[in-house]
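All chains are named by letter (A, B, ...) in the order of the sequence lines, taking the proteins before the strands, and each is independently numbered beginning at 1.
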Amino acid sequence: GIQVEQSPPDLILQEGANSTLRCNFSDSVNNLQWFHQNPWGQLINLFYIPSGTKQNGRLSATTVATERYSLLYISSSQTTDSGVYFCAVVKKTSGSRLTFGEGTQLTVNP
Amino acid sequence: SAVISQKPSRDICQRGTSLTIQCQVDSQVTMMFWYRQQPGQSLTLIATANQGSEATYESGFVIDKFPISRPNLTFSTLTVSNMSPEDSSIYLCSVTGGPYEQYFGPGTRLTVT
């Protein structure tokens, strides 16, 4: 199966700081998504980004499919950004089955 | 994007019993998926449920333990059978909203005592 590695595993920031989360994957993909899991367990879709760059407010993401990695940028972090950020991919030959990375636990302190 | 609801949102069950989790979508979808998230872990796909056919289970998951129904294009159930404390997890259903993009329900938080 496809391997999905996220780094760093844990990140602690002061409010207002910027951060970059990375996702490496081991094979060609049809889909790459970034999710935020809030403290109540809800998975929130951040980006659907199999390639290219997207921005949504303080968040942006870039996927370089040829080099098999994606980056999630969080600017001017807020305490509500705390939670786990997951990268998940669909391998090109595996239908629609999502494979998740282990996640990055982000804590933003006031 | 699809709006997905799950019932129950949480439950505490005794070992040896079974729990059926419902997943309802506000639009017709071809594929529905069931995931498990054990405490402190990432999400793992349990099975893919297509309407009108048997569910397809991932390695390590079997139909006797996790029977799935998919009676129509907007609804599915997952049963966790003969539960043990190791089954304590969040169970989530998801659907595809486009060719590959997936959306998740709010999850069912299960604790087995």
Inset, instruction - Could you tell me which non-hydrogen atom of B/S42 sits nearest to which non-hydrogen atom of A/G101, and how far apart they are? - result: OG-O, 2.5 Å

Inset, instruction - Test side-chain contact (heavy atoms from CB on, under 4.5 Å) on A/L98 and B/F33 and set out the steps. - result: CA-CA 9 Å; A/L98 269 176; B/F33 306 87; over 6 Å; no

Inset, instruction - Could you pull out the closest heavy-atom pair between B/Q37 and A/F86, with the gap in Å? - result: NE2-CZ, 3.7 Å

Inset, instruction - Quick one: which of A/V90, A/L32, A/L43 has the most heavy-atom pairs under 4.5 Å with chain B, could you say? - result: A/L43

Legend entry - Common cluster, B/L45/B/V95, ILVMFWY with side-chain heavy-atom separation under 4.5 Å: no

Inset, instruction - Kindly check if the number of other-residue, nucleotide or ligand heavy atoms within 6.0 Å of CD (A/Q78) is above 12? - result: yes

Inset, instruction - Report whether B/M32 and B/Y103 are members of the same hydrophobic cluster (ILVMFWY, side-chain heavy atoms less than 4.5 Å apart, transitive linking). - result: yes

Inset, instruction - Could you tell me which portion of A/N30 (side chain, backbone, both or neither) has an atom closer than 4.5 angstrom to a non-hydrogen atom of chain B? - result: both

Inset, instruction - Check whether A/Q105 gets within reach of chain B through its side chain, its backbone, both or neither, counting any heavy atom under 4.5 Å. - result: neither

Inset, instruction - Measure across B/T48 and A/R97 and return the closest heavy-atom pair with its distance rounded to 0.1 Å. - result: OG1-CG, 4.1 Å

Legend entry - Residues, nucleotides or ligands: over 12 heavy atoms within 6.0 Å of A/I44 CD1: yes

Inset, instruction - Measure B/L43 against the heavy atoms of chain A and call it side chain, backbone, both or neither at under 4.5 Å. - result: both

Inset, instruction - Check the hydrophobic clustering (I, L, V, M, F, W, Y; side-chain heavy atoms under 4.5 Å; chains of links allowed) and say if A/L59 and A/W34 are grouped together. - result: yes

Legend entry - Residue part contacting chain B, namely of A/E102, when any heavy atom lies under 4.5 Å: both

Inset, instruction - Working to the nearest 0.5 Å, report the span between CZ of B/R10 and CH2 of A/W40. - result: 12.0 Å

Legend entry - Minimum heavy-atom distance between A/S96 and B/M31, given as atom pair plus value: OG-SD, 4.0 Å

Legend entry - Spacing of CZ belonging to B/F104 relative to CZ belonging to A/F35, to within rounding of 0.5 Å: 4.5 Å

